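Beneath this line is the structure, given in structure tokens, with notes to follow.
The basis for the numbers below is simple: all heavy atoms, side chains too, and nothing from hydrogens, waters or symmetry mates. First listed ligand is number 1; within each ligand, the first listed atom is number 1. These figures come from a predicted structure and were not determined experimentally.
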Amino acid sequence: MTGRTFVIAIDGPAASGKSTLARRLAQHFGFAHLDTGALYRATAFLVLEQGGDPADPVTAARAAGLVHLRLLLDPRLRGEAVSAAASIVAAIPCVRRALLDLQRNFAAHPPQPAEGAILDGRDIGSVVCPEAEVKLFVTASAEERARRRVEELRRQGAAAILEDVLQDLKERDARDIERRAAPLIAAPDAAVIDTTMLDADAVFERVSNLIARALAVQR
Ligand code: C5P
């Protein structure tokens, strides 16, 4: 392996399965994983906790400055109110700037003993780690993503209505795609994986083969 950390960038829309895939890949390859959506969720959570307005740049940027890695595991980041507010704070350029160093630092110096880093989000291949050794864009139709999210919520014992979940996903997609600051986009050199017709094992197999080939070239 060369001195540089081996970095895998995984981008894609909400509920495309990218974080689950990233976790599984991290375990398989012994890499460290950063779910960058959790950074925006943590920012939103800190704003809401203080009764602030997620759309206010000063409040949101101050909250982004307080985000630390331990907070990312807090289950309260997964609630619906935080999910909606996360895509609002994520559209504010100074929030994105405030979170950039943390992400780049994680990619360059993943916690030991990991030899590489996997970051998943919306702008990893395009903005955060444009030099990543492997770039993936994981997507699926909005209907399929909504169906999977409903299944997951019901497994957790929460009541979920497909139409509501689909509507919410479409709104978050629109905010992520249409914002001016680092919009959701597949980097030109990313491998696009459409998982609409694939199960999690098939996606994992396809992607882990691709990474193994890239690692063999690097070593
Ligand atoms: O992936 P997740 O749903 O947890 O992300 C929460 C929100 O954070 C997304 O709706 C998106 O607006 C934002 N996000 C982002 N850039 C990233 C990761 C997430 O803008 N790299």
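Using modelled atom types, one finds no donor on one side chain facing an acceptor on the other under 3.5 Å when comparing R122 with Y40. For the residue pair D194 and T139, no side-chain donor N or O sits within less than 3.5 Å of a side-chain acceptor on the partner.
Geometrically, ligand 1 and D120 share no nitrogen or oxygen pair separated by less than 3.5 Å. Ligand 1 has no nitrogen or oxygen under 3.5 angstrom from a nitrogen or oxygen of Y40. Between T36 and ligand 1, a contact under 3.5 Å exists for at least one N or O pair. The shortest N or O to N or O distance between D123 and ligand 1 is below 3.5 Å.
Protein heavy atom in closest approach to atom 4 (O) of ligand 1: R41 NE, 2.6 Å. The protein atom (non-hydrogen) at minimum distance from atom 7 (C) of ligand 1 is A86 CB, 3.8 Å. From the protein, the heavy atom lying nearest to atom 16 (N) of ligand 1 is R96 NH2, 3.0 Å. The shortest contact between atom 5 (O) of ligand 1 and any protein heavy atom is with G37 CA, 3.5 Å. Among protein heavy atoms, the minimum distance from atom 11 (C) of ligand 1 is reached at D176 OD1, 3.3 Å. From the protein, the heavy atom lying nearest to atom 3 (O) of ligand 1 is R172 NH2, 2.5 Å.
Each of T195, T196, D173 was checked for a side chain to side chain donor-acceptor pair (under 3.5 Å) with R145, and the lone residue meeting it is D173. Checked against S87 for a side chain to side chain donor-acceptor pair (under 3.5 Å), the options R41, R175, R172 give a single hit: R175. Of the residues listed (R155, R149, R148), the one engaging E152 in a salt bridge (charged side-chain N to carboxylate O under 4.0 Å, His left out) is R149, and it is the only one.
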- Task: In sequence, state the C-alpha distance, the side-chain angles, and the governing distance for E171 and Q167, and then conclude on side chain to side chain donor-acceptor pair (under 3.5 Å).
- Result: CA-CA 6 Å; E171 282 168 17; Q167 179 63 25; 3.0 Å; yes

- Would you check, one step at a time, whether the test salt bridge (charged side-chain N to carboxylate O under 4.0 Å, His left out) holds for D201 with R24? CA-CA 10 Å; D201 288 344; R24 200 167 159 188; 2.9 Å; yes

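Judged purely by atom type and a 3.5 angstrom limit, T59 has no side-chain atom pairing as donor or acceptor with the backbone of G52.
For atom 9 (C) of ligand 1, the choice among R175, R122, K18, E171 with the nearest heavy atom turns out to be R122. Looking at A90, A181, A91, S19, it is A90 that brings a heavy atom closest to atom 13 (C) of ligand 1.
Distances below 4.0 Å separate heavy atoms of R179 from the following atoms of ligand 1: 12 (O), 15 (C), 16 (N), 20 (O).
K135 NZ to I10 CD1: the interatomic distance, rounded to the nearest 0.5 Å, is 13.5 Å.
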